[in-house]
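These notes concern the structure reproduced below.
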Amino acid sequence: GFLKNKLIEYGWPAERIRHVPNFIDHTRYLPNYTRGEFFLYLGRLSEEKGVRVLIEAFKRIKRKGISLVVAGDGPLRGTLEEMSRPDPRISFTGHIMGDALRETTRRSLAVILPSVCYENAPISLLEAMAYGKPVIGAAIGGIPEMIEEARNGFLFAPEDVRDLSDKMESLLDLSETSVTGMGKAAREKVVCDFSADAHYERIMCIYNELLHR
């Protein structure tokens with residue numbers, strides 16, 4: 001994993017490190033594979049999250065019938081709203097949680113994580129996938145370990161407005177059946193690789209290894 005490799009890079013002995021990814025209880029997330037009509041960003045509105053890049057990328061898309069919802073708050077909100085003002089397709093919800101967060105995610109087309117800083121294994125991405133949503137993420141940190149290109153989502157070069165816009169267009173070009181298939185693959189990825197059961201099995205393997213030394 002990304003963090004393991006970073007620790008080794010900083011001098012930790014590789015044989016003393018094991019990679020156990022984050023997990024969520026996927027049974028708590030009711031998927032909705034229906035194709036939504038808006039891209040969704042979930043998270044803090046601060047410089048390192050790359051939301052400027054997302055807004056610029058979305059503004060390049062000239063299609064009607066698609067919008068961008070930015071859910072979150074933070075020090076950059078005023079600046080981002082000013083950037084978005086000429087485009088009525090972009091809306092800001094502020095910080096949401098509970099039922100509002102669940103339903104907004106379930107009604108989206110895809111969740112986008114445009115970070116320009118290292119992210120290890122973002123829970124927001126796992127939750128979006130558990131809801132059956134394709135994901136588009138910056139190829140930085142641990143994000144590429146979660147997204148299988150053109151299967152459960154798309155990766156783009158960090159801070160590259162054109163590349164992100166192209167990947168959003170690629171998703172928009174897909175048929176409803178293909179988007180549904182991508183959402184199902186996202187859900188399957190969580191169930192197989194990031195579930196509580198998978199986490200338990202990894203932990204038990206490490207314990208058994210230690211006991212048999």
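Separation of atoms CG (L113) and NZ (K49) is listed at 7.0 Å; rounding is to 0.5 Å. From S67, atom OG reaches atom CZ of F58 across 6.0 Å, with rounding to the nearest 0.5 Å.
Residues I24 and F194 have side chains not in contact (no heavy-atom distance under 4.5 Å, counting atoms from C-beta outward). Side-chain atoms of D160 and L164, non-hydrogen and from C-beta on, never get closer than 4.5 Å to each other. Taking 4.5 Å as the limit, every side-chain heavy atom of D73 sits out of range of all side-chain heavy atoms of R44. Between I112 and V135, the closest side-chain pair of non-hydrogen atoms is not below 4.5 Å. Two residues are said to be in side-chain contact when any heavy atoms from C-beta on lie closer than 4.5 Å; L40 and L68 fail this criterion. Looking at P114 and Y41, their side chains come closer than 4.5 Å, going by heavy atoms from C-beta outward. The shortest side-chain heavy-atom distance between M168 and I61 falls under the 4.5 Å cut-off.
The two atoms that bring V190 and A130 nearest to each other are CG2-N, 3.9 Å, heavy atoms only.
Cation-pi check for K184 over Y33 is met; the charged atom lies under 6.0 angstrom from the ring centroid and within 45 degrees of its normal.
With respect to the salt-bridge test (charged N to carboxylate O, under 4.0 angstrom), the residues R77 and E81 qualify. Using a 4.0 Å cut-off between a side-chain N of Lys or Arg and a carboxylate O of Asp or Glu, E37 and R89 do not qualify as a salt bridge. Salt-bridge check for D99 with R102: passed, with a basic side-chain N closer than 4.0 Å to an acidic carboxylate O. Ionic pairing of R106 and E127 is not present here: no N-O contact between side-chain nitrogen and carboxylate oxygen is shorter than 4.0 angstrom.
For R63, the salt bridge (charged side-chain N to carboxylate O under 4.0 Å, His left out) test picks out E169, D173, with sequence neighbours left out. Taking E149 as the reference, K167 meet the salt bridge (charged side-chain N to carboxylate O under 4.0 Å, His left out) condition, with sequence neighbours excluded.
Side-chain atoms of D197 never come within 3.5 Å of backbone atoms of C192 as a donor-acceptor pair (strictly under, hydrogens ignored). At distances below 3.5 Å, at least one donor-acceptor pair connects side-chain atoms of S170 with backbone N or O atoms of D166. Looking only at distances, no side-chain donor or acceptor of R187 sits under 3.5 Å from a matching main-chain atom of M182. Listed for the S108 side chain is a donor-acceptor partner under 3.5 Å among the backbone atoms of T105. No donor-acceptor distance shorter than 3.5 angstrom exists from the side chain of K133 to the backbone of G36, with no hydrogens or angles considered. No side-chain donor-acceptor contact under 3.5 Å links S178 to the backbone of L174.
M83 and F92 fall within the same hydrophobic cluster, defined by Ile, Leu, Val, Met, Phe, Trp and Tyr side-chain heavy atoms under 4.5 Å apart, directly or through other members. If you chain together hydrophobic residues whose side chains sit under 4.5 Å apart, Y118 and I136 never meet in one group. Under the 4.5 Å side-chain heavy-atom criterion for ILVMFWY residues, a single connected hydrophobic cluster contains both I55 and L171. Side-chain heavy atoms closer than 4.5 Å link hydrophobic residues (I, L, V, M, F, W, Y) into clusters, and following such links, even through other members, never connects L109 to F38. The hydrophobic cluster containing V116 does not contain I140, counting ILVMFWY residues as joined when their side-chain heavy atoms lie under 4.5 angstrom apart, directly or transitively.
For the residue pair T34/N32, the side-chain donor-acceptor check at 3.5 Å is satisfied.
Judged as a ring pair (Phe, Tyr, Trp, His ring centres under 6.0 Å), the pairs with a partner in residues 123-179 (not counting sequence neighbours) are, in order, Y29-Y131.
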**OP:** Could you check R162 against E56 for salt bridge (Lys or Arg N to Asp or Glu O under 4.0 Å), going step by step and ending with a plain yes or no?
**Re:** CA-CA 9 Å; R162 174 170 291 182; E56 291 297 344; over 6 Å; no
